[in-house]
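Pasting a structure here, questions to come.
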There are 4 protein chains.
Amino acid sequence: MLISLQLDSETPLYEQLRNQIVIGIATGELAAQEKLPTVRQLADDLGINTMTVNKAYSILKQEGYIVIDRRHGAKVSPRMPEDAEPSAQLEAQLQLIIAQATIQGMDQSRFQMLCSQIFSRMTYRPSNV
Amino acid sequence: MLISLQLDSETPLYEQLRNQIVIGIATGELAAQEKLPTVRQLADDLGINTMTVNKAYSILKQEGYIVIDRRHGAKVSPRMPEDAEPSAQLEAQLQLIIAQATIQGMDQSRFQMLCSQIFSRMTYRPSNV
Amino acid sequence: MLISLQLDSETPLYEQLRNQIVIGIATGELAAQEKLPTVRQLADDLGINTMTVNKAYSILKQEGYIVIDRRHGAKVSPRMPEDAEPSAQLEAQLQLIIAQATIQGMDQSRFQMLCSQIFSRMTYRPSNV
Amino acid sequence: MLISLQLDSETPLYEQLRNQIVIGIATGELAAQEKLPTVRQLADDLGINTMTVNKAYSILKQEGYIVIDRRHGAKVSPRMPEDAEPSAQLEAQLQLIIAQATIQGMDQSRFQMLCSQIFSRMTYRPSNV
DNA sequence: GTGGTCTAGACCACA
DNA sequence: GTGGTCTAGACCACC
């Protein structure tokens, strides 16, 4: 899986990293149970500090996206905790995006189409194990 | 219009303020052409520094959401610059949200329903003037 | 002569007014010796405060562009004080513009062409009186 | 690179700072990719507040002249966004300058010569990286 | 009265 | 050690 960081972005490196891994999981580029690179490996590949990768992994673990096994390193969680209700945070973020889209003149049907396109790339399936 | 800030949030105050005003414009709580509170007034009401409100207003102005008239303070822009294409940034943000929703077990139809609910609260109309 | 002010500009109203009159003189829209509207008249036409027009006129007078006669109001100076040397301020402004143009990728020949176009619209001639 | 601020100028300090850095980039005094002083360092050297330098840097960043890397501070952008068309703003500023020059009695050939002199000092080249 | 600018000093997130 | 954020309080330009 390809990860590209923007060093001059407002978004902190560890958050960019976390986001791209989340997207990777959702699109299926990272399958459930798949092993992630070691902290040192990934830090080397990206040319960043190991602390930064470490922080990204910690957050992903704390959010339940990955599990960290001392012996085998990090891997994608076999299945995620399903929230019955959409998290309040997700809804707030979505509301802000929709507000901006509305003001820019994008109507609901075009927005829904855009969502459909994005959804079609999401092939996440929890592990059978 | 009610604005509530979380002092302990990661999101800077000026950004929270900016976001809530954007949403206020989109939902119609702040009509096009409507006058915003003065920098001092709002700072006072929210119990924060004038510079913080100032920064929020500056960003909103630079983004085209509001107009600052030397004579009468700030007001909502009569009409916004319509982007023909959805900005790349909007799409990236949306992709991240959808990725997270997918992993949480929300399927496309529930997501679309959530969008519909939010859209139904957006009543922004550009000014006729 | 048409004057249009941007109320939401960074540039103060009195300065916009001053600038447009200077350009009007240079392009010949305002001939040497031509009478300017009264302060009150102009303020009314533009829908702004008389103080603002007053300030613009004061500056123009102090810079030598216009003369103010208590009996006949303001008129364009018959001839301007010719500076042997380009004023330092003009040179500094020009340098900044050229710097920005250079960085944007505009080369000297295109810049010169732009200057020529603008010069061709300048038909200022001092009065013969 | 030498920077000198006029404390008694109408032009805000942060804008003077911004202007001088832009000129520095265009003249090549600040090479593409070159590291700028830290906010604190520069504030100290100039005897002004860090926020003021901060604001100048923010503007330069937003305009694309510099890039801020979380790890190593600010540096000159490797290459600038080239505008195919001269911005309307540039043209308006140039028109005002030419108007003033005309009225002061400077003819086109002398103006062009002045431009040539200034251009000869501009040695900006985008980075090869 | 409005927003714009600046200061001195502080704390925090990031790497 | 870097930039980012925030505060309290001040002064100024503009209208």
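All heavy atoms count here, side chains included; hydrogens, waters and symmetry mates do not. Below, read A as the first sequence line, B as the second, and so on, with proteins coming before strands; counting in each chain starts at 1. Computed from a predicted structure; not experimentally measured.
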Original post:
Between Lys61(B) and Glu10(C), is there a side-chain N and carboxylate O pair less than 4.0 Å apart?
Top reply: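 Glu10(C) and Lys61(B): salt-bridged.
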**OP:** Would you please confirm or rule out a distance under 4.0 Å between OP1 or OP2 of dG3(E) and any side-chain N or O of Asn54(B)?
**Re:** no
Original post:
What's the OH-P distance between Tyr57(D) and dT2(F), to the nearest Å?
Top reply: 11 Å
Subject >> For atom CG of Leu13(D) and atom P of dA13(F), their distance in whole Å >> reply: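 Going from Leu13(D) (CG) to dA13(F) (P), I get 13 Å.
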**OP:** Quick one: label Asn49(D) by what it contacts on the DNA or RNA (base, sugar-phosphate, nothing), any heavy atom closer than 4.0 Å.
**Re:**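 The answer is base, as Asn49(D) lies within the cut-off (heavy atoms under 4.0 Å) of a base atom.
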Subject >> Ion pair Glu15(C)/Lys55(C), N-O distance below 4.0 Å >> reply: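 A salt bridge is absent here (no side-chain N lies under 4.0 Å from a carboxylate O).
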Subject >> Shortest side-chain distance from Thr52(D), nucleotide among dT5(F), dC14(E), dT7(E) >> reply: dT7(E)
Original post:
Where each residue is assigned the nucleotide of DNA chain F containing its nearest heavy atom, which of Thr38(D) and Leu7(B) is assigned the position nearer the 5′ end?
Top reply: Thr38(D)
Original post:
In whole Å, what is the span from the CD atom of Gln6(B) to the C1' atom of dC6(F)?
Top reply: 17 Å
Original post:
Base, sugar-phosphate, or nothing: which does Tyr14(C) touch, judged by heavy atoms less than 4.0 Å apart?
Top reply: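 Counting heavy atoms under 4.0 Å across all strands, the contact made by Tyr14(C) is with sugar-phosphate only.
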Original post:
Given atom CE of Met51(D) and atom C1' of dG4(F), what is their separation to the nearest angstrom?
Top reply: 9 Å
Original post:
5'-most contact on DNA chain F: Lys35(D) or Thr50(B), nearest heavy atom basis?
Top reply: Lys35(D)
Original post:
Given atom CG of Leu36(D) and atom P of dG1(F), what is their separation to the nearest angstrom?
Top reply: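 Answer to the nearest Å: 20 Å.
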Original post:
Nearest-Å distance, CD (Gln16(C)) to C1' (dC14(F))?
Top reply: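 Atom CD in Gln16(C) sits about 12 Å away from atom C1' in dC14(F).
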Original post:
Under the side-chain contact (heavy atoms from CB on, under 4.5 Å) test, which residues partner Leu7(A), sequence neighbours left out?
Top reply: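 Listed in chain order: Leu13(A), Asp69(D), Arg71(D).
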**OP:** Have a look at Asp69(B) and say if it touches a base, only the backbone sugar-phosphate, or nothing, with a 4.0 Å heavy-atom cut-off.
**Re:**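 Nothing: the residue Asp69(B), judged by heavy atoms under 4.0 Å, touches no strand.
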Original post:
Can you check the Arg18(A) CZ to dA13(E) C1' distance for me, whole Å?
Top reply: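 Whole-Å distance recorded here is 17 Å.
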Original post:
Using a cut-off of less than 4.0 Å, is there contact between a side-chain N or O of Lys55(B) and OP1 or OP2 of dT5(F)?
Top reply: yes
Original post:
Among Asp45(C), Leu36(C), Val39(C), whose side chain to side chain contact (heavy atoms under 4.5 Å, CB included) with Val53(C) holds?
Top reply: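 When side chain to side chain contact (heavy atoms under 4.5 Å, CB included) is applied between Val53(C) and each of Asp45(C), Leu36(C), Val39(C), only Val39(C) qualifies.
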Subject >> Value in whole Å for how far the P atom of dC15(F) lies from CG of Leu46(C) >> reply: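 That distance rounds to 12 Å.
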**OP:** Check whether the side chain of Arg40(B) and the base of dG1(E) form a donor-acceptor pair under 3.5 Å.
**Re:** no
**OP:** Please say which of Thr50(B), Leu17(B), Thr52(B) ends up in a side chain to side chain contact (heavy atoms under 4.5 Å, CB included) with Leu42(B).
**Re:** Leu17(B)
Original post:
For DNA chain E, whose closest nucleotide is more 5', that of Ser58(B) or that of Arg71(D)?
Top reply: Ser58(B)
Subject >> Residue Lys61(B), side-chain heavy atoms: nucleotide from dG3(F), dG4(E), dC6(E) that is nearest >> reply: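 Closest nucleotide among those given: dG4(E).
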Subject >> Over 12 non-hydrogen atoms of neighbours within 6.0 angstrom of NZ in Lys35(B) >> reply: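 More than 12 within 6.0 Å, yes.
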Subject >> Nucleotide forming a Watson-Crick or wobble pair with dC14(E), both distances under 3.5 Å >> reply: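 When the pairing criteria are applied, dG1(F) turns out to be the nucleotide that pairs with dC14(E).
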Original post:
Nearest of dG3(E), dC14(F), dA15(E) to any side-chain atom of Arg70(B)?
Top reply: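 That would be dC14(F).
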